[in-house]
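Read the structure below first, then the notes.
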Amino acid sequence: YVRKLKTWSDNGVAGLAFTGSVGGVEDKMMSIAGAITRNMINVMVLPVQDLIARIKDGREPDQTVILIPNFFMSKGAGGDVPDWQISLVVGWLLHRFASGKQTILYASDLDECETVYGGMVRSHIENHYIQVS
C-alpha cells in the first residue's frame, strides 16, 4: 500500500480499511505512518475522538494521509461516537475522498459500523477502500 500511495487516489481508492479482528492494528498503523513519513509525505495518526474535536473547533486535519485506529469499535470494545457527531465524521470522510487524500481506518465490524454510521459509510468503505481482514 505504501509503495503505491501516490497512485491510489488516481485510481479511485480512498484508503486502506482494516476490518474484523486484526491483531495489533495500532502497531500496524504506527508502522505505516513511519514508512509514509520516511517518504516525506505529511501523515497523522488520530483517534476518532480527536478528529471530532478538531472538526468542531474548525481545525479539520488535512494531511495527505490520516490514520484512525479506532474509527469504529463496538461499545463493548470501548468505542462510541454520539449520534450527533456521526454526520461530522461522515462529511469529513467524504470530503477527504473527494480531495484525493488517503485515509486509513479500523472498523472492528462492518455490520455494526453500518448500524452506527449508516449504510452509505459501509458502501463507501466496501467500494473505495482496500480492505484488510
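What you see is a predicted model; the values in this text were computed from it and never measured. Any value given below was found using the heavy atoms of this structure, including those in side chains, with hydrogens, waters and symmetry copies removed.
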Answer yes or no: is there an ion pair linking D111 with R122, defined by an N-O contact shorter than 4.0 Å?
yes

Let me check something: do F71 and F97 share a hydrophobic cluster, defined by ILVMFWY side-chain heavy atoms less than 4.5 Å apart, either directly or through other members?
no

Is there a side-chain contact (heavy atoms from CB on, under 4.5 Å) between V89 and V121? Walk through the geometry before answering.
CA-CA 10 Å; V89 176; V121 170; over 6 Å; no

What are the two closest non-hydrogen atoms of R96 and T103, and how far apart are they?
NE-OG1, 2.8 Å

Can you measure from OG1 (T37) to CE (M30) and round to the nearest 0.5 angstrom?
11.0 Å

Can you check side-chain contact (heavy atoms from CB on, under 4.5 Å) on E26 and V45, steps first, answer last?
CA-CA 9 Å; E26 63 281 349; V45 178; over 6 Å; no

I41 and K6: which non-hydrogen atoms are nearest, and at how many Å?
CD1-CE, 4.0 Å

Quick check for you: to the nearest 0.5 Å, what is the distance between I52 atom CD1 and L46 atom CG?
10.0 Å

Rounding to 0.5 Å, atoms CD (E126) and CG (L110) come to a distance of 6.0 Å

Can you confirm whether R3 is buried at CZ, in the sense that more than 12 heavy atoms of other residues, nucleotides or ligands lie under 6.0 Å from that atom?
no

Report yes if the side chains of F72 and I125 come closer than 4.5 Å at any heavy-atom pair, otherwise no.
no

Salt bridge (Lys or Arg N to Asp or Glu O under 4.0 Å) contacts touching residues 42-56 (sequence neighbours left out):
none

Just to verify, which of L5, I104, L67 counts as forming a side chain to side chain contact (heavy atoms under 4.5 Å, CB included) with V43?
L67

Spatial distance of atom NZ (K101) from atom CG (D62) [nearest 0.5 Å]
4.0 Å

Point-to-point distance, once rounded to the nearest 0.5 Å, from CG of N11 to CD1 of I130:
9.5 Å

Which heavy-atom pair separates H124 from A14 by the least distance, and what is that distance?
NE2-CB, 4.1 Å

Rounded distance [0.5 Å steps], OG1 in T64 versus CD1 in I36:
9.5 Å

So do L16 and I32 actually touch side chain to side chain, heavy atoms under 4.5 Å?
yes

Does N42 use its side chain to pair, donor to acceptor, with the backbone of Q63 at less than 3.5 Å?
no

Using side-chain contact (heavy atoms from CB on, under 4.5 Å), reason through N70 and Q49 one step at a time and then give a plain yes or no.
CA-CA 9 Å; N70 65 337; Q49 294 81 1; 2.9 Å; yes

Please name the residue in the list Y129, Y1, W8 that meets the side chain to side chain donor-acceptor pair (under 3.5 Å) test with Q102.
Y1

